[in-house]
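A, B, ... follow the sequence lines: proteins, then strands. Residue 1 opens every chain.
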Number of protein chains: 2
Amino acid sequence: MPAMTQPATADTRPYHHGDLSRALVEAARRILETEGPAALSLRAVAREAGVSPAAPYHHFKDKSELLEAVAHEGWMALDVALTAARAKASDSNERMTSLGVAYVCFARDNPALYRVMYDRSRDKDSLPDQMKEEGAYCQVRNTIDERTGGGVSPIDLELATIAAWCAGHGLAEMIGFKQFAPLKEALGGEEAFLRAVFEHLGMFAKLDQG
Amino acid sequence: MPAMTQPATADTRPYHHGDLSRALVEAARRILETEGPAALSLRAVAREAGVSPAAPYHHFKDKSELLEAVAHEGWMALDVALTAARAKASDSNERMTSLGVAYVCFARDNPALYRVMYDRSRDKDSLPDQMKEEGAYCQVRNTIDERTGGGVSPIDLELATIAAWCAGHGLAEMIGFKQFAPLKEALGGEEAFLRAVFEHLGMFAKLDQG
DNA sequence: GCATCAATCTAAACGATGTCAAGATAATCT
DNA sequence: AGATTATCTTGACATCGTTTAGATTGATGC
């Protein structure tokens, strides 16, 4: 999470803000964390940043474009989290599970941000570029490639990455369901639950069998 | 898809509608299919049903409650689709894949409805009851139980069901991404792509290994 | 059959939202 | 310094979810 500037008030701020784009994105994230996604209106963001409702339109074409910027920051934060998880695990087997757990935990800890990242009400049918090029997606693919010793066809590698990503995303969206509470309890906590589900996915059974 | 009554016009419809609750839900689904989720406002639904903007409030507490009813219909439709897929497959192995493919295809063919079904802006952290009790979730669990010959601990059965559901949901949300187009092409169509991903998930590796 | 009552619908309004057009203000360039 | 451009504000518009008050109808009891 980047450092956030304090909300500007009328007396501290000059007519020209200086870096309103960034301030707006930060204000948006602040609102997301404190009041949830329902409260995230353009006007509320402008209010939080201390400017008029029309000011954002000089920096973003749309409300969508602001959200895109917020999502972008989210993907970068996810990158950081996954990199850390990857570095922490020693063997390649554990590394993969660790990645999955980190992914789901990121979604659990930043539910509002995660939702913005996957909100497809604006760009209907494409992944964010951030995800494909040099982003989290590649980290997963590289980890898989590493784990299988590089001896997997490009198509299989891509398929395995997609499979892993889908499983992670599905779990990320459901981890909060309270119907799972007894199961988590029985398994000794949420992380144990996560690991158990990932094991059941046996995501690399096919790759291992050749 | 249930039969839908035609949109009522001022001259055909008496002051009292007769069955406005149902008409509203049908109007909502009609809007979802033709204009997408962005156009689904309460006022638009009322307009489509031929009544005043305030009329829905005599049948639903909220906009959320209307959407809940729409989602309920969605879950029932999903039940039907899964039941059909289950009946069509002969052996229990194929039956499981068939279930998964049917699930994802349902989401692909009813993207707007699927989104409403999973929209957690109203009831944050619980699955719809429809899903757990005697619904699609049970169909998946039963199919897994059947496939493993019933010799699996309740916890493992539940975990496997969750794992399968997460994978299906994740794939359902991503199937439309155009980045997957070349891969689909290479594998000979979308269904082949789906099956390939499901195979890579190897969802029952653990259960099979005991 | 008719009066009463509850259910259902409309009309009108309120505050909030996304967005745009005009005008004010400040930074930058020549 | 003067002109130009970028940035911000004011004020407005259509739309939305929701509420209140009043109109219309169906049902109920006599």
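- For B/F60 and D/dT18, the CZ to C1' distance is 16 Å, given to the nearest whole Å.
- B/S41 comes within 4.0 angstrom of the backbone, heavy atoms only, and of no base.
- With distances taken from any side-chain atom of A/L20 to the nucleotides C/dT10, D/dC8, D/dT10, the minimum falls on D/dC8.
- The CG atom of A/L67 sits 14 Å away from the P atom of C/dT17 (whole-angstrom rounding).
- Taking atom CG of B/L66 as the reference point, atom C1' of D/dC16 lies 15 Å away to the nearest angstrom.
- Atom CD of A/E185 has 12 or fewer neighbouring heavy atoms from other residues, nucleotides or ligands inside a 6.0 Å radius.
- Residues B/K63 and B/L40 share a closest heavy-atom pair of NZ-O, 3.2 Å.
- As a whole-Å value, the separation of A/H58 NE2 from C/dA22 C1' is 11 Å.
- Ranked by how close their nearest DNA chain C nucleotide is to the 5' end, A/A44 and A/A54 are led by A/A44.
- The phosphate of D/dA6 has neither OP1 nor OP2 within less than 4.0 Å of any side-chain N or O from A/H59.
- Which of C/dT19, D/dT18, D/dT10 sits closest to the side chain of B/Y57 comes down to D/dT18.
- With D/dT10, C/dT10, D/dT18 as the candidates, the nucleotide lying closest to the side chain of B/K63 is D/dT18.
- Rounded to 10°, the helix from C/dG1-D/dC30 to C/dT30-D/dA1 has 10° between the axis fitted to its first five pairs and the one fitted to its last five.
- Looking at every heavy atom in both residues, B/A55 comes nearest to B/H59 through O-CD2, 3.8 Å.
- Nearest nucleotide to the B/V51 side chain, out of C/dC20, C/dT10, D/dT18: C/dT10.
- A salt bridge is absent between A/R195 and A/E199: the closest approach of a Lys/Arg side-chain nitrogen to an acidic carboxylate oxygen does not fall below 4.0 angstrom.
- Taking the six-membered ring for Trp and thresholds of 30 and 60 degrees, B/Y114 and B/Y103 have ring planes more than 60 degrees apart, a perpendicular arrangement.
- Within the 4.5 Å cutoff, no side-chain heavy atoms of B/D156 are placed close to those of B/T148.
- One finds a side-chain N or O of A/R47 lying less than 4.0 angstrom from the OP1 or OP2 phosphate oxygen of C/dT17.
- Across the protein-nucleic acid pair, A/I31 atom CD1 and C/dT17 atom P stand 10 Å apart, rounded to whole Å.
- For the OP1/OP2 pair of C/dT17 and a distance below 4.0 Å, the side-chain nitrogens and oxygens of B/R43 include no atom meeting the criterion.
- Heavy atoms from other residues, nucleotides or ligands lying under 6.0 Å from CZ of A/R22 number 12 at most.
- Each of C/dC20, D/dG17, C/dG18 was ranked by its minimum atom distance to the side chain of A/L42; first place goes to C/dG18.
- Here the nucleotide nearest the side chain of A/A55, chosen from C/dG18, D/dC8, D/dT20, is D/dC8.
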